[in-house]
Protein chains: 2
Amino acid sequence: MLTKKQHTLLMLIHDKLKEDGVAPSFEEMKVALELKSKSGIHRLINALEERGFLRRLPNRARALEIIKLPEDEDTSPASNNLFRPEFGNRAPEVDPNTIEIPLHGKIAAGTPIEALEQYENIGVPAGMLGTGSYYALDVDGDSMLEAGILDGDRVVIERCDSANSGSIVVALVDEEEATLKTLQKRGPDIALEPSNRDFETQTYPANRVRIQGRLVGLLRQY
Amino acid sequence: MLTKKQHTLLMLIHDKLKEDGVAPSFEEMKVALELKSKSGIHRLINALEERGFLRRLPNRARALEIIKLPEDEDTSPASNNLFRPEFGNRAPEVDPNTIEIPLHGKIAAGTPIEALEQYENIGVPAGMLGTGSYYALDVDGDSMLEAGILDGDRVVIERCDSANSGSIVVALVDEEEATLKTLQKRGPDIALEPSNRDFETQTYPANRVRIQGRLVGLLRQY
DNA sequence: TATTCTATGCTAACGAAGAAACAACACACA
DNA sequence: TGTGTGTTGTTTCTTCGTTAGCATAGAATA
């Protein structure tokens, strides 16, 4: 899975993170690996990210986070199970790559978020999240049907207060009605666009609309 | 993840919070970090919030809450949660309720599953699975569009060899073409029904179709 | 053997983000 | 209304991450 260099760097980052709580800068890694240029580090980091060991914020200083370590230096040559004749089975195993986020309730077109009395947390795959702040909502209704968001789906929302046109957002209108809609900026106004012919796009002055988050993921159970 | 300054400030806030029960004001933080202006603090706080370590209420004095610490030195967060109930939010934390299942490749209408060279496992929330055997596939194409299954979605499949009419299944036709379709039993025949007007229902004698699994979940990232 | 691919190494230049300092303004609360 | 507090903007400098181009070694492949 990893080359020696990649492995070395990953462990280095891991140690630093544990020790200082702060990830090393490219410069520091360069020195630690006895390189004379940062570009090598850059490539290694990319490789590690691509392979799912790291997560990062691009263009942010020291914004590295380790997602997993390469302990599964898998055993025997059996790992070369090239073939799974019948979709070879694997014992499901617990893994730590889940993040818990709060489930805040239901969201539907035209009604406020119906809050839950008590908080409930749900786990979502870490890969679905970045480093922001997230919560989940259960979708009530069909207003986003044609965007593949069905009644009963659970959506993962990243907290934010602005978004680009075309993003699907949780928008609070007049501080009272929260809906899940596609955002379109129209000059001074904001249009909230459903994805269902039976519903109509609504346009408001920007000051009546507050973005509460951006759709980043969806979970559905059948 | 954090720069030194960010880390220092975070720990400072954490300590104050633990000590006094009250978050420090910008002014106090300014002094503690030996800065001569508050704007620096403002930026640091923004960075911390962006990275998900802090939450705050805008325009509220001292309304800071720590949601996680670097490398989870644990906070025994209960102590902090005594006030600011309006935050009522829980820190994202790693939890063990994920099951790893293998990702077997892509599935599209009319083509065989495109197998991955190497196994890759993905984590899915344990609540999505029962006790059976599961795997995941990435959906390629729009044949189930109207059922809310989009190109690029990841579907979770429970291995099984039969299913009821109306279920969405992975069906292998003539041992070569695997597709994701709605199953309809029609006497001796089996109909595989897409959810897209641009595709047609296909009907085969039952012996040409083998069910390989049943759709039980869906994950989507935006 | 010749070819290609991958991982790696180096230089150099660029641009983006972090940080410090000063200033002015807005808001909450008493 | 005034004080404490948080928010924004500008400027300047530093640190850091990104990219392009070129080179080398080893492994895999033809």
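When reading the values below, keep in mind they use all heavy atoms of this one structure, side chains included, and skip hydrogens, waters and symmetry mates.
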Crowding at NZ, K30(B) (>12 non-hydrogen neighbours, <6.0 Å): yes
K185(A) atom NZ, neighbour heavy-atom count above 12 within 6.0 Å: yes
Given atom [atom1] of [X] and atom [atom2] of [N], what is their separation to the nearest angstrom?
| X | N | atom1 | atom2 | answer |
| --- | --- | --- | --- | --- |
| I45(A) | dT8(C) | CD1 | P | 12 Å |
| K4(B) | dA17(C) | NZ | C1' | 16 Å |
| I41(B) | dG6(D) | CD1 | C1' | 12 Å |
| E27(A) | dA17(C) | CD | C1' | 16 Å |
| L9(A) | dT8(C) | CG | C1' | 13 Å |
| N46(A) | dT8(C) | CG | P | 12 Å |
| F26(A) | dG15(C) | CZ | C1' | 15 Å |
| I13(B) | dG6(D) | CD1 | C1' | 14 Å |

Reading 5' to 3' through nucleotides 21-26 of chain C, protein heavy-atom contacts under 4.0 Å coded B for base, S for sugar-phosphate only, - for none: BB----
Residue K5(B), side-chain heavy atoms: nucleotide from dG17(D), dG6(D), dA19(C) that is nearest: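 Output: dA19(C).
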Ion pair check, E193(A) and K181(A), cut-off under 4.0 Å: no
Presence of salt bridge, R62(A) and E27(A), under 4.0 angstrom: no
Minimal non-hydrogen separation, [X] against [Y], with atom names:
| X | Y | answer |
| --- | --- | --- |
| S195(A) | T182(A) | OG-OG1, 4.3 Å |
| P24(A) | L64(A) | O-CD1, 4.4 Å |
| L192(A) | Y204(A) | CD1-CE1, 4.1 Å |

Residue pair L137(A) / L180(A), side-chain heavy-atom distance below 4.5 Å: no
Using only side-chain N and O atoms of [X], determine if any of them is under 4.0 Å from OP1 or OP2 of [N].
| X | N | result |
| --- | --- | --- |
| R62(A) | dC16(D) | yes |
| R60(A) | dG18(C) | yes |
| T3(A) | dT8(C) | yes |

Closest-nucleotide ordering on DNA chain D, the 5'-leading residue of H42(B) and A61(A):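 Here H42(B) is the residue nearer the 5' end.
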Sugar-phosphate, base or nothing in reach of L44(B), heavy atoms under 4.0 Å: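 Since only primed, P, OP1 and OP2 atoms lie under 4.0 Å of L44(B), the category is sugar-phosphate.
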Helix axis bend for the helix from dT1(C)-dA30(D) to dA30(C)-dT1(D) - C1'-based end axes, five pairs, 10° rounding: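 Both end axes considered, the difference amounts to 60°.
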Inter-residue atom distance L10(A).CG - L44(A).CG, 0.5 Å rounding: 10.5 Å
